[in-house]
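Notes for the one structure printed next.
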Amino acid sequence: MKLDIKIIQIYTCVTLLFFICPKADLTADDTNTSENFWDHLKIHRFNLEVSSTEWKAIEALNPKNGLSLERILKKKNGEQRQLHRSRFPWGEGSITINGQTLNGIGLRYKGNASFNLMRGSLKRNMKLKLDWTDRDQNYNSVETLNLNAGGLDPSKLRDAFGYWLFRQAGVPAPRTTFAEVSLTIPGRYEKEKLGLYTIVEQVNKSFLKNHFGSKKGLLMKPEGIASVEYHGDDWRFYESLYRPDKNPSLAQSERVMEFAHIVNLSSENEFRTSIESFLDINGFLHFIALNSLIVNLDTLLAMPQNYYLHLGGKNNKFVFFPWDLDISFAGWPLGGKPEDQMKLSLEHPHSSDEHKLIDRLLAIESIKLKYNKIIRKLVEGIFSKKQLIKSFEKFEETILGARERDTAATKSRNERGYPSPFGYNPPSISQFIGKRISSIKRQLNGQESGYIFIHKRPGGRLGHLAQGSFGRGRLAMHMLVQGDINKDKWISKTELLKLLSDWFDSMDRKKVGKLNKTEFIKALPDAFYTNGRKPIGPIPELYVSEGLFSLADSDNDGMATKKSLISSFEGTLNKMALLNNEKLNQQLLLTAIRSMIRQ
């Protein structure tokens, strides 16, 4: 009897724990199921089902088609579709993952070159939101899926293998898995095989919690920023470049701007004594080392994109981590010949133009020694030839059959497959391992200096946003930032003309209504940066200053007036076929400026 009572007591306690503490159990299960899904050596089975209407609706927008956004994005029920970065509309559909069907998911295309160069292919990069219409819907605790088609990667393994190496080196990086995906569009396709996709983990609050122990902090995905370039003390000029995932607090935005100031304008002594309080130096050195070893130039080494920057909520330090590795392993068509890329310098992995953060860090002897030590440790460990081959073979064995089916599906639709941009054909990863390791050994032994990529375009890695280069591109950015009152990334004619009026008023300090050329050019920096410190270099470049003065001096009497400045811009805008209710985005604004100001 006593034993029975004891059993009943235990059962009652367990039952109470189950009902009282379901969230604790669920959290543990969520972690396990999420880890099960993100098996880097597993292939899942996806079938995406979308109506013809929704499939048509998610086509990437062409800004030159002459239709208003409001008209394009209007659904049958009168609601407006959400639009990602003025280009990719969201649609709805359903997906079956390993036999489990999820309805009401959101889907859109994604990508830049990897999307554009696969024009005409049914298989494209996509992002899926499983919780689009049901916030509680997920698959094994995963709410968002990034489907990378591998259009620029014949191996279909650069993303997965690259992220895996970063994680093995202790650098925060998304998890990956694989999926063979089919598409159903009733009346058009029935489980049409799209092929093999790499599924990449979304960088979100859960990712931050897993890697940094907290969801707090500021997550940014910069574009147009390679070396924490300084743009003054007005956050508006950083927002579109640093692209935070939320509105930062005042302290966070000031921290970003002060970090940029320290990197670019501090004295050597100030930089040496303060940089460690801003940057996770050890993490950054590992980040640079891995990018160098796998020859990932399509990131801040040579381009202002494809990485994340996180400001920690606890230690208030910045951490860099990777994104978009599909053209790593010497796969970047613009990076020079494959043979050269595989010899990328370890001492100077970034392109030839100045990279303030890397250059100033490696100029500190103790940090340079630490970087060299990290390189050697990686080369003796996970990046040794033996370990690389062993690890890579496991990845390749996983997808071998699926990759063959992917190729067959592409051929069956008469699609071209890998587009060989600019005639470029990347090395296989097996070829890369052999040649890269040989170059690394020669460099470490002092027998080879390594390859340094040289940009051929003006402004190098930043183009028209280059440090110290305030040309027409930056002028367009400033006009949009300062004039876009409702922050919809479009500026109306009315907003633009008011901005020009305000600029002239701020420059005309004596309030006489006219400015000679010297006065006009001297006053421009204060119009562009109305408060605080200013960035490096002429503001703007002389050809832009003189071009603006010419527009404001339409009668050629040597004096600039507000009326002339406004009428010159208004005349140009009246000749343009403006979209979206007579508004301009940054590209249209740049087109207008280029037509008025010649370089």
TODO: Indicate yes or no: does Lys583 engage Glu495 in a salt bridge with an N to O separation below 4.0 Å.
DONE: no
TODO: Indicate yes or no for a side-chain donor-acceptor contact from Arg243 to the backbone of Lys221 under 3.5 Å, with no hydrogens or angles considered.
DONE: yes
Task: Separation of Arg135 CZ from Thr133 OG1 (nearest 0.5 Å) - done: 12.5 Å
Task: Check: Asp153 side chain, Leu157 main-chain N or O, donor-acceptor pair, under 3.5 Å - done: yes
Open item on the list: Quick check for you: to the nearest 0.5 Å, what is the distance between Ile95 atom CD1 and Leu128 atom CG?
Closed with: 5.0 Å
Task: Heavy-atom closest pair, residues Leu344 and Ser292 - done: CD2-O, 3.8 Å
Open item on the list: Using the rule given for salt bridge (Lys or Arg N to Asp or Glu O under 4.0 Å), can you reason through Arg403 versus Glu396, listing the C-alpha separation, both sets of side-chain angles and the distance that settles it, and then say yes or no?
Closed with: CA-CA 9 Å; Arg403 188 169 61 193; Glu396 192 155 50; 3.0 Å; yes
- [ ] Measure from the side-chain N and O atoms of Arg45 to the backbone N and O of Glu180, and report whether any donor-acceptor pair falls under 3.5 Å.
- [x] no
Task: Minimum heavy-atom distance between Asp159 and Leu325, given as atom pair plus value - done: OD1-N, 2.9 Å
Open item on the list: Please evaluate residues Leu297 and Met303 with respect to the criterion side chain to side chain contact (heavy atoms under 4.5 Å, CB included), reporting the C-alpha separation (whole Å), side-chain torsions for both, the decisive distance (0.1 Å), and the verdict.
Closed with: CA-CA 7 Å; Leu297 286 170; Met303 293 294 285; over 6 Å; no
Open item on the list: Against the six-membered ring of Tyr197, is Lys123 placed for a cation-pi contact (under 6.0 Å from the centre, within 45° of the normal)?
Closed with: yes
Open item on the list: Out of the candidates Asp298, Thr299, Asp324, only one should pair with Gln305 under the side-chain hydrogen bond (donor to acceptor under 3.5 Å, both in side chains) rule; please name it.
Closed with: Asp298
Task: Closest approach of Pro89 to Arg87 (non-hydrogen atoms, all atoms of both residues) - done: CD-O, 3.3 Å
TODO: Could you label the plane-to-plane angle of the Phe432 and Phe329 rings as parallel, tilted or perpendicular, counting under 30° as parallel and over 60° as perpendicular?
DONE: perpendicular
Task: Stepwise side chain to side chain contact (heavy atoms under 4.5 Å, CB included) test for Leu590 and Arg472 - done: CA-CA 7 Å; Leu590 178 57; Arg472 295 172 297 184; 4.0 Å; yes
TODO: Answer yes or no: is there a side-chain heavy-atom contact under 4.5 Å between Lys74 and Gln80?
DONE: yes
Open item on the list: Check whether Asn125 reaches the backbone of Ala149 with its side chain - one donor and one acceptor, N or O, closer than 3.5 Å.
Closed with: yes
TODO: Check whether the ring centres of Phe37 and His44 lie less than 6.0 Å apart, and answer yes or no.
DONE: yes
Task: Nearest-0.5 Å distance that lies between atom CZ in Arg85 and atom CG in Asn112 - done: 7.0 Å
Open item on the list: Would you say CG of Asn247 has more than 12 non-hydrogen atoms from neighbouring residues, nucleotides or ligands within 6.0 angstrom?
Closed with: no
Task: Sidechain-backbone polar pair: Arg436 side chain, Leu293 backbone, donor-acceptor under 3.5 Å - done: yes
Open item on the list: Please check if the number of heavy atoms outside Lys76 that lie under 6.0 Å from its NZ is greater than 12.
Closed with: no
Open item on the list: Among Tyr308, Phe287, Phe166, exactly one meets ring pair (Phe, Tyr, Trp, His ring centres under 6.0 Å) together with Trp323. Which residue is that?
Closed with: Tyr308
- [ ] Looking only at non-hydrogen atoms, find the nearest pair between Pro172 and Val319 and report the distance.
- [x] CG-CG1, 4.4 Å
Open item on the list: Just so I know, are the side chains of Leu41 and Glu397 near enough to count as touching, which here means a heavy-atom distance under 4.5 Å?
Closed with: no
Task: Trp132 side chain near Leu107 side chain, heavy-atom distance below 4.5 Å - done: no
Task: Side chain to side chain, Asn296 and Pro322, heavy atoms closer than 4.5 Å - done: no
Open item on the list: Would you say that Leu194 contacts Leu122 through its side chain, given a criterion of any heavy-atom pair below 4.5 Å between the two side chains?
Closed with: yes
Task: Value rounded to 0.5 Å, distance of NZ in Lys411 from CZ in Arg416 - done: 16.0 Å
Open item on the list: If I compare all heavy atoms of Pro426 with all of Tyr418, which pair ends up nearest, and what's the gap?
Closed with: CD-OH, 3.2 Å
Open item on the list: I need the Thr144 OG1 to Glu201 CD distance, nearest 0.5 Å.
Closed with: 10.5 Å
Open item on the list: What I'd like to find out is whether the side chain of Phe320 reaches to under 4.5 Å of the side chain of Ile288, using heavy atoms alone.
Closed with: no
TODO: Applying side chain to side chain contact (heavy atoms under 4.5 Å, CB included), run through Leu48 and Met126 and close with a yes or a no.
DONE: CA-CA 11 Å; Leu48 186 63; Met126 300 194 80; 4.0 Å; yes
Task: Residue Lys337 excluded, over 12 heavy atoms near NZ under 6.0 Å - done: no
Task: Val203/Phe321 under side chain to side chain contact (heavy atoms under 4.5 Å, CB included): CA gap, chis, key distance, verdict - done: CA-CA 10 Å; Val203 176; Phe321 54 95; 3.9 Å; yes
TODO: Would you confirm whether Tyr307, through its side chain, and Pro222, through its main-chain N or O, come within 3.5 Å as a donor-acceptor pair?
DONE: no
Open item on the list: Using side-chain heavy atoms (C-beta onward) and a distance below 4.5 Å, is Phe318 in contact with Val256?
Closed with: yes
TODO: Might you confirm whether atom NZ of Lys110 has over 12 heavy atoms from other residues, nucleotides or ligands at distances under 6.0 Å?
DONE: yes
Task: Aromatic centroids of Phe161 and Phe392 separated by under 6.0 Å - done: yes
Task: Working for side-chain hydrogen bond (donor to acceptor under 3.5 Å, both in side chains), residues Asn98 and Tyr139 - done: CA-CA 10 Å; Asn98 301 328; Tyr139 181 81; 3.1 Å; yes
TODO: Look only at the side chain of Thr177 and the backbone of Lys42, and say whether a donor-acceptor pair between them is shorter than 3.5 Å.
DONE: yes
Open item on the list: Between His455 (side chain only) and Ala302 (backbone N and O only), is there a donor and an acceptor less than 3.5 Å apart?
Closed with: yes
Open item on the list: Here's a test for you: under ring pair (Phe, Tyr, Trp, His ring centres under 6.0 Å), which of Tyr424, Phe422, Phe453 qualifies with Trp332?
Closed with: Phe453
Open item on the list: In terms of relative ring orientation, are Phe115 and Phe88 parallel, tilted or perpendicular, with 30° and 60° separating the classes?
Closed with: perpendicular
Task: Mutual orientation of the aromatic rings belonging to Trp235 and Tyr238 [parallel < 30°, tilted 30-60°, perpendicular > 60°] - done: parallel
Open item on the list: Any heavy-atom pair between the side chains of Ile58 and Tyr109 that's under 4.5 Å?
Closed with: yes
Task: Between CG on residue Leu183 and CH2 on residue Trp55, distance to nearest 0.5 Å - done: 4.5 Å
Open item on the list: Strictly distance-based, threshold 3.5 Å: is any side-chain N or O of Arg158 a donor or acceptor partner for the main-chain N or O of Ile327?
Closed with: no
TODO: For residues Glu229 and Tyr242, report the shortest heavy-atom separation together with the two atoms involved.
DONE: O-OH, 3.5 Å
Open item on the list: Donor-acceptor check, side chain of Glu415 to backbone of Ala409, threshold 3.5 angstrom: yes or no?
Closed with: no
